[in-house]
Amino acid sequence: MKNAVTFELKKTDDRTRARLGTLHTPHGDVQTPVFMPVGTQATVKAMKPEEVEKLGAEIILGNTYHLYLRPGHEIVKEAGGLHKFMNWHKPILTDSGGFQVFSLGHMRKITEEGVTFRSYLDGSKHMLSPEKSMEIQEALGSDIMMAFDECAPPEADHKYVEKSLALTNRWLKRCKDYHYETEDKVERQSLFGIQQGGFFKDLRKESSKFISDMDLPGYSIGGLSVGEPKEVFLDMMDDCPDMLPKEKPRYLMGVGSPDYLFEGVERGIDMFDCVLPTRIARHGLVMTSHGRVNIKNKQYERDWGPLDPECDCYTCRNYSRAYLRHLFKSEEILSSMLLSEHNLHFLVNTMKNMREAIAENRFPEYKKEFYDKYGKF
RNA sequence: UCCGGAGUAGCUCAAUGGCGGAGCAGGCGGCUGUUAACCGCAAGGUUGUGAGUUCGAGUCUCACCCCCGGAG
C-alpha cells in the first residue's frame with residue numbers, strides 16, 4: 001500500500017531546526033516550507049486560480065464544513081471533485097470542519113459521536129462526525145485530508161483540554177478506520193493527524209505519542225495562534241514541533257503573519273496556512289518588506305509609488321498607493337483583488353526566500369535581515 | 001408680492017419645554033486551520049440671525065435672513 005502523499009526531507013539547517021523538503025502528492029509536488037493560501041468556499045477570495053498559481057502558490061486549502069453546507073459535497077463530487085469544480089489542478093488540502101467546532105462557539109454541541117452544528121446559512125441542524133468529515137473530504141477529493149478534531153479554546157484549563165484531547169484521539173482513530181478501509185482510498189488521498197493539548201506541554205506530548213503511533217503520512221499542530229500572547233505561542237513552538245516524527249511533514253495550522261512564519265520555520269515547521277493575507281487585504285492592509293501599510297491612511301493620498309518597492313508582483317508593477325487607496329475608499333472590487341494578490345505574493349515569495357536561504361545555509365542571516373527591515377509586527 | 005413647508009455635525013435626518021443624538025462621509029485601529037468586501041475606537045455643534053416668554057428654549061412668540069413648493 002502506497003500513501004498518496006509522501007514527504008522527502010532534503011535538508012535540516014545546521015544552526016536551526018529549519019528543514020527543506022518536498023511533498024509529493026497526486027496533483028504534483030510542493031516545496032517546503034510552504035505557505036498555503038486559504039480558499040474556504042472553493043475559491044481563494046478575490047483571486048482567480050490562475051493568478052494564485054502564477055504568484056507561486058503550490059497548494060491551497062478548502063473547507064469541509066463550508067462546502068458541505070454549500071453547495072454540498074455530493075454536488076462537488078458530481079462536478080468531478082474539488083480540483084475540477086474550482087479549476088485548480090495543483091494539490092488541495094481540506095480542513096476537516098474541526099476548527100468550526102472552535103470558531104462557531106455557541107452554535108454547536110460536542111458529543112462522543114461528533115458535533116452538532118447549526119448552519120450559519122439557514123439555521124438548519126447538522127451533525128459532523130469523524131466518519132462524516134472523512135466521507136465529505138473523500139467526496140471533495142482533496143490530496144490531504146485533515147482529521148476531525150476539537151480545537152479547544154485558549155482559556156481552557158488542563159482538565160478540559162485533557163478530556164478534549166482524549167476525544168480528539170478517539171476521533172482520530174475513527175477517521176483512520178474509516179479512511180483506511182480500502183487500499184484504493186489510501187492511495188488516492190492522505191489523512192493527516194492533528195496534535196492538540198492546548199498550552200500544556202505534557203498533553204502535547206501525550207497527543208504526539210498517540211498520533212505518531214497511528215503512522216500517518218503527515219501531522220499538524222492545531223490549537224495554537226488562537227488568541228494567546230506571542231510569548232506563549234513561542235514557548236509552545238520551542239517544543240511542540242520536535243515532539244512529532246522527523247521524517248513526516250509538520251503543518252502548523254492557522255499561522256500566517258510573517259514573524260510567526262519565520263519562528264515556525266526556524267523550529268522545524270514545513271507547512272502553514274492562514275486567511276490573514278487575503279482577509280486583511282480585503283480590509284485595506286498589506287504586508288510589505290518594510291512593514292505593514294494601511295492603504296486607507298491619508299498619507300497615501302498622493303503617494304505615487306508602489307505598495308512595496310522591492311516587490312515584483314502584478315500589483316506593485318502596475319499600480320500606485322494613491323490609486324489603491326482610491327479603489328479601497330471607493331469600495332471597488334478591484335481593490336480586494338489587487339491587495340489580495342500582493343499579500344499572497346508577499347508570503348509565498350517570503351517562503352521561497354526562506355527555502356533558498358536554508359539551502360544556502362544562511363537562514364538566520366536572512367531572518368535577521370527580514371526582521372530589521374520589516375520592523376514592528 | 002402672497003400662501004405653505006423647512007433651516008440641528010461635511011451630508012441625510014432624530015430629539016412630550018428638562019443632560020443635543022443616529023446613519024453615512026471624513027480620521028484611526030484590529031483581524032492568524034474564514035459565519036469576516038468585516039468589526040471597533042475617537043473626533044465632529046454658539047441648533048440660520050436677533051430679540052422675547054420661561055426657573056429652564058433646538059422646541060413657544062415676534063422680526064429678519066436663506067432654501068423648497070404652490071399661487072400671482
Side-chain angles (χ1 to χ4, degrees), chain A residues 35-47 59-67 69-70 92-108 117-123 126 133 137 142 144-152 154 168 192-196 219-230 233 237 251-261 263-264 269 271-287 292 294-301 325 327-340 343 347 377:
Chain A
F35 177 78
M36 309 183 282
V38 179
T40 303
Q41 310 208 58
T43 168
V44 176
K45 291 185 195 293
M47 298 282 294
I59 173 172
I60 63 172
L61 257 74
N63 190 289
T64 298
Y65 175 66
H66 299 262
L67 294 173
L69 288 181
R70 185 172 58 191
I92 295 176
L93 181 153
T94 44
D95 189 24
S96 62
F99 186 69
Q100 277 62 48
V101 178
F102 161 67
S103 67
L104 261 43
H106 56 281
M107 290 177 67
R108 88 289 192 267
F117 295 92
R118 240 173 223 290
S119 164
Y120 66 95
L121 296 172
D122 60 8
H126 298 272
S133 178
Q137 295 187 71
S142 53
I144 299 171
M145 307 187 295
M146 295 309 298
F148 188 67
D149 63 336
E150 186 198 353
C151 179
T168 287
F192 278 24
I194 305 178
Q195 181 204 73
Q196 287 290 353
Y219 298 102
S220 74
I221 296 174
L224 292 187
S225 196
V226 285
E228 76 281 9
K230 188 173 175 180
F233 169 78
M237 284 304 294
Y251 161 30
L252 177 59
M253 306 183 84
V255 159
S257 62
D259 53 336
Y260 277 39
L261 257 32
E263 301 302 332
I269 298 295
M271 306 161 67
F272 303 85
D273 81 282
C274 197
V275 303
L276 194 69
T278 44
R279 180 183 291 170
I280 65 176
R282 293 193 304 282
H283 300 166
L285 190 67
V286 295
M287 305 182 253
R292 289 176 159 217
N294 194 333
I295 203 64
K296 290 177 283 203
N297 291 173
K298 191 171 177 62
Q299 65 179 116
Y300 305 121
E301 196 176 25
R325 173 178 144 93
L327 287 181
F328 184 83
K329 306 276 310 181
S330 311
E331 296 180 48
E332 283 294 339
I333 298 167
L334 187 57
S335 165
S336 292
M337 296 163 61
L338 295 176
L339 298 183
S340 294
N343 274 349
L347 288 191
F377 287 94

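All figures in this text were calculated on a predicted structure; none of them were measured in a lab. Each chain gets a letter, A, B and so on, in the order its sequence line appears, and its residues count up from 1.
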Quick check for you: to the nearest 0.5 Å, what is the distance between F272(A) atom CZ and S257(A) atom OG? 10.0 Å

Using atom C1' in both nucleotides, what's the gap between A43(B) and C24(B) to the nearest angstrom? 15 Å

On a whole-Å scale, what distance lies between the P atoms belonging to A6(B) and G23(B)? 26 Å

How close or far is atom C1' of U32(B) from atom CD of E228(A), stated in whole angstroms? 10 Å

Closer than 4.0 Å, any side-chain N/O of S103(A) to the OP1 or OP2 of U35(B)? yes

To the nearest Å, how far apart are L347(A) CG and C31(B) P? 14 Å

Value for CG (L261(A)) from CD (E263(A)), rounded to nearest 0.5 Å, stands at 10.0 Å

With a 6.0 Å cut-off on the ring centroids, do F117(A) and Y65(A) count as close? yes

Do F35(A) and P277(A) touch side chain to side chain, with heavy atoms closer than 4.5 Å? yes

Which whole-number value in Å describes the distance from L104(A) CG to U34(B) P? 11 Å

Rounded to whole Å, CZ of F377(A) lies from P of G30(B) at a distance of 14 Å

OP1, OP2 of U34(B) versus side-chain N and O of T40(A): anything below 4.0 Å? yes

Shortest non-hydrogen separation from N343(A) to A281(A) and the atoms involved: ND2-CB, 3.6 Å

Do D149(A) side-chain and G33(B) base share a donor-acceptor contact under 3.5 Å? yes

In terms of side-chain heavy atoms of K329(A), which of G27(B), U32(B), G30(B) is nearest? G27(B)

Can you check whether N294(A) has a side-chain N or O nearer than 4.0 Å to OP1 or OP2 of G29(B)? yes

For a quick check of understanding: with a heavy-atom distance under 4.0 Å over all strands, which category does R292(A) fall into, base, sugar-phosphate or nothing? sugar-phosphate

Atom C1', compared across C41(B) and G5(B): separation rounded to whole Å: 40 Å

Distance between P atoms of C11(B) and A25(B) (Å, rounded): 15 Å

Can you find an N or O donor on one side and an acceptor on the other, under 3.5 Å apart, linking the side chain of T278(A) with the base of U34(B)? yes

Would I269(A) and I221(A) count as a side chain to side chain contact (heavy atoms under 4.5 Å, CB included) if you check the C-alpha gap in whole Å, the side-chain angles of each, and the deciding distance to 0.1 Å? CA-CA 9 Å; I269(A) 298 295; I221(A) 296 174; 3.9 Å; yes

Euclidean distance for P, A22(B) against C68(B) (whole angstrom): 30 Å

Looking only at the side chain of Q100(A) (C-beta and beyond, no hydrogens), which of the listed nucleotides G33(B), G29(B), U35(B) gets closest? U35(B)

Between U61(B) and C2(B), how far is it from one C1' atom to the other, in whole Å? 22 Å

Go through G33(B), U32(B), U34(B) for me and flag the one nearest to the L276(A) side chain. U32(B)

Can you see if the side chain of R325(A) gets near the phosphate of G27(B) - specifically, an N or O under 4.0 Å from OP1 or OP2? yes

Which residue lies more 5' along RNA chain B, comparing V255(A) with Y120(A) via nearest heavy atoms: V255(A)

Counting the atoms with a prime plus P, OP1 and OP2 as sugar-phosphate, which does Q196(A) contact under 4.0 Å by heavy atoms, base, sugar-phosphate, or nothing? base

Which nucleotides of RNA chain B pair, in dot-bracket form (Watson-Crick or G-U under 3.5 Å, | meaning another strand): (((((.(..((((....[..))))..((((.......))))......(((((..]....)))))).))))).

Under the side-chain hydrogen bond (donor to acceptor under 3.5 Å, both in side chains) rule, what do T168(A) and Q196(A) come out as? Steps first, then yes or no, please. CA-CA 8 Å; T168(A) 287; Q196(A) 287 290 353; 5.8 Å; no

So does N63(A) get a side-chain nitrogen or oxygen closer than 4.0 Å to the phosphate oxygens (OP1/OP2) of U35(B)? no

Using a cut-off of 4.0 Å on non-hydrogen atoms, how would the nucleic acid contact of L93(A) be classed: base, sugar-phosphate, or nothing? nothing

Comparing R279(A) and G254(A) on RNA chain B - which has the more 5′ nearest nucleotide: G254(A)

Does some side-chain heavy atom of F192(A) sit less than 4.5 Å from a side-chain heavy atom of S96(A)? no

Rounding to a whole Å, what distance do you find between L69(A):CG and U34(B):C1'? 13 Å

Going by heavy atoms in the side chains, are R108(A) and Q100(A) under 4.5 Å from each other? no

Nearest heavy atoms of T40(A) and L67(A), plus distance in Å: O-CG, 3.9 Å

All N/O pairs under 3.5 Å across the protein-nucleotides 37-40 of chain B interface:
residue: A37(B); atom: OP2; partner: R282(A); partner atom: NE; Å: 3.1
residue: A37(B); atom: OP2; partner: R282(A); partner atom: NH2; Å: 3.4

Just wondering, more than 12 heavy atoms not from Q299(A) lying within 6.0 Å of its CD? yes

Quantified in whole Å, what is the C1' atom distance between nucleotide G26(B) and nucleotide G44(B)? 9 Å

Report the nucleotide, chosen from C31(B), U32(B), G33(B), that has the shortest atom-to-atom distance to any side-chain atom of F99(A). G33(B)

With Y251(A), the side chain to side chain contact (heavy atoms under 4.5 Å, CB included) member among I194(A), L93(A), I144(A): L93(A)

Nearest whole Å is fine: how far is G26(B) P from K298(A) NZ? 10 Å

From CD of Q41(A) over to C1' of G33(B), roughly how many Å is that when rounded to an integer? 15 Å

Whole-Å distance, L224(A) CG to U32(B) P, equals 14 Å

Taking the C1' atom in each of G70(B) and C38(B), what is the distance between them to the nearest angstrom? 48 Å

I want to verify a distance call: between G29(B), G33(B), U35(B), whose nearest atom is closest to the D273(A) side chain? G33(B)

